[in-house]
Participant: 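The following block contains the structure, expressed as structure tokens.
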Amino acid sequence: ERINELKDSLHKIEVRKTRFEIQKESIIKKIWEKYELSLIDALKYKTEIEDYSKISDRINYLKDEIKYLGRVNINSIKEYEEIMERYTFLNSQKKDLIQAKESLNKVISELENTMKKQFVESFNEINKNFSNIFNQLFNGGKANLFLKDDSNVLESNIEIIAQPPGKKLQNLNLLSGGEKALTAIALLFSILKTKPTPFCILDEIEAALDDVNIFRFADFLKEFSKNSQFIIITHRKGTMEIIDYLYGITMQEYGVSKVIAIKLSERAC
């Protein structure tokens with residue numbers, strides 16, 4: 001009877017053991033599925049529970065708080081790291097661009113200051129030459145250049161004021177066609193005198209001049225050609241008379257152009 005009792009107790013204990021092992025496996029599986037923790041890792045967080053009711057209330061409270069947070073993105077940490085890395089890269093690029101912009105603005109400011117200084121110096125010299133050359137070409141009178149906006153010299157309009165002999169001081173637009181042309185020629189040569197070039201092409205710039213002014217222009221051009229070489233496209237006889245070489249285009253046969261060259265200095269001899 002005692003043996004049977006013990007066998008019966010052993011059976012009950014084995015049943016309980018089996019039930020506890022099933023529960024254990026179920027808990028281990030639940031821990032892994034819910035928290036992705038193995039049994040060994042989970043044991044690190046093991047604590048003794050003194051008041052189960054209090055802990056149960058705490059668990060329910062935390063569950064409600066988690067539920068209140070809404071849907072949790074389990075990939076948010078990885079996404080945050082990727083976005084943070086991207087943000088750090090773009091932020092460094094932004095800083096580089098800002099530094100480059102500041103550097104460019106500094107260079108532009110320095111260039112503008114240099115340009116203003118050089119422009120004002122050149123403008124004053126051109127204005128001085130313009131006044132002298134205008135007086136020579138018109139055999140009197142005076143002319144000047146004015147900046148309409150002294151505070152913004154690089155973008156300011158330039159006004160030409162001229163006073164041919166026997167006329168009152170007036171704007172270039174109020175002059176006659178010939179006077180405008182001769183004034184423009186004076187301005188052109190004042191620029192060339194300020195910044196000489198070894199070679200220059202003039203295309204019928206004296207076409208609007210009368211015969212008297214043609215000879216003045218030709219004499220001035222002859223004097224000016226001592227330092228620069230000119231190619232002149234012209235139909236005016238007064239200009240042709242002072243040149244060194246004459247090139248003409250003729251068509252002796254229909255549809256066939258021929259160039260004729262004459263060295264006037266040799267012909268004069």
Participant: For Asn127, does its backbone N or O pair with a side-chain atom of Ser131 as donor and acceptor, under 3.5 Å?
Facilitator: no

Participant: Going by heavy atoms in the side chains, are Ile108 and Glu112 under 4.5 Å from each other?
Facilitator: yes

Participant: So, for Ala42 and Ile31, which heavy atoms are closest and what is the spacing to 0.1 Å?
Facilitator: CB-CG2, 4.1 Å

Participant: Under 4.0 Å between a side-chain nitrogen and a carboxylate oxygen: does that hold for Glu5 and Arg2?
Facilitator: yes

Participant: State, with a plain yes or no, whether a side-chain heavy atom of Asn139 is found less than 4.5 Å away from one of Pro165.
Facilitator: no

Participant: Keeping Ser103 on the side-chain end and Gln99 on the backbone end, is there a donor-acceptor pair under 3.5 Å?
Facilitator: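 Not confirmed, Ser103 side chain does not pair with Gln99 backbone.
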
Participant: Name all residues meeting the side chain to side chain donor-acceptor pair (under 3.5 Å) criterion together with Gln229; count only those two or more places apart in sequence or in a different chain, and write none if there are none.
Facilitator: none

Participant: If you take all heavy atoms of Lys142 and Phe134, which pair is closest and at what distance?
Facilitator: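 Reported closest heavy-atom pair: O-CE2, 3.4 Å.
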
Participant: So Phe189 and Phe224, would you call those rings parallel, tilted or perpendicular, with 30° and 60° as cut-offs?
Facilitator: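 Rings of Phe189 and Phe224: perpendicular, over 60°.
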
Participant: Within the structure provided, determine whether Leu192 and Ser228 are in side-chain contact (heavy-atom separation under 4.5 Å).
Facilitator: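 SC-SC contact between Leu192 and Ser228 ruled out.
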
Participant: Are any side-chain N or O atoms of Ser190 and backbone N or O atoms of Leu187, one a donor and one an acceptor, separated by less than 3.5 Å?
Facilitator: yes

Participant: For Ala207, does its backbone N or O pair with a side-chain atom of Arg236 as donor and acceptor, under 3.5 Å?
Facilitator: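 Yes; at least one donor-acceptor contact below 3.5 Å.
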
Participant: In this structure, would Tyr80 and Tyr87 fall into the same cluster of hydrophobic residues linked by side-chain contacts under 4.5 Å?
Facilitator: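 Yes, Tyr80 and Tyr87 fall within the same hydrophobic cluster.
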
Participant: Between Glu121 and Glu125, is the side chain to side chain contact (heavy atoms under 4.5 Å, CB included) condition met? List the steps.
Facilitator: CA-CA 6 Å; Glu121 291 175 354; Glu125 188 175 353; over 6 Å; no

Participant: Kindly indicate, with the supporting measurements, whether the criterion side chain to side chain donor-acceptor pair (under 3.5 Å) is fulfilled by Ser151 and Asp149.
Facilitator: CA-CA 5 Å; Ser151 61; Asp149 186 2; 2.5 Å; yes

Participant: Might you point out which heavy atoms bring Lys222 and Asp244 nearest each other, and give the distance in Å?
Facilitator: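 Result for this residue pair: NZ-OD1, 3.2 Å.
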
Participant: Counting C-beta onward and ignoring hydrogens, is there a side-chain heavy-atom pair between Lys117 and Asn113 closer than 4.5 Å?
Facilitator: no

Participant: Do NZ/NE/NH1/NH2 and the carboxylate oxygens of Asp211 and Lys237 come within less than 4.0 Å?
Facilitator: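 No, no charged N to carboxylate O under 4.0 Å.
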
Participant: Could you pull out the closest heavy-atom pair between Leu209 and Ala181, with the gap in Å?
Facilitator: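 For Leu209 versus Ala181, the nearest heavy atoms are CD2-CB, 4.0 Å.
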
Participant: Working to the nearest 0.5 angstrom, can you tell me the gap between Ser225 OG and Ile232 CD1?
Facilitator: 8.0 Å

Participant: Take Asp41 and Ser38, measure what side chain to side chain donor-acceptor pair (under 3.5 Å) needs, and give me the verdict at the end.
Facilitator: CA-CA 5 Å; Asp41 294 331; Ser38 65; 3.1 Å; yes

Participant: Take atom CD1 of Ile40 as the centre, draw a 6.0 Å sphere, and report whether it contains more than 12 heavy atoms from other residues, nucleotides or ligands.
Facilitator: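 At most 12 heavy atoms, drawn from other residues, nucleotides or ligands, come within 6.0 Å of this atom.
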
Participant: Taking the side chain as every heavy atom from C-beta outward, state whether Ile158 and Phe146 have any pair of such atoms under 4.5 Å apart.
Facilitator: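 A side-chain contact is absent here, since even the closest heavy-atom pair is not under 4.5 Å.
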
Participant: Quick one: do Phe130 and Asn144 satisfy side chain to side chain contact (heavy atoms under 4.5 Å, CB included)? Show the steps, please.
Facilitator: CA-CA 7 Å; Phe130 176 58; Asn144 294 102; 5.7 Å; no

Participant: Whether Lys148 and Glu159 form a salt bridge (side-chain N of Lys/Arg under 4.0 Å from carboxylate O of Asp/Glu) is what I want to check.
Facilitator: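 The answer is yes: the pair qualifies as a salt bridge.
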
Participant: Could you grab the distance from atom CG of Asp210 to atom CG of Asn213, nearest 0.5 Å is fine?
Facilitator: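 Nearest 0.5 Å value for the CG-CG distance: 4.5 Å.
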
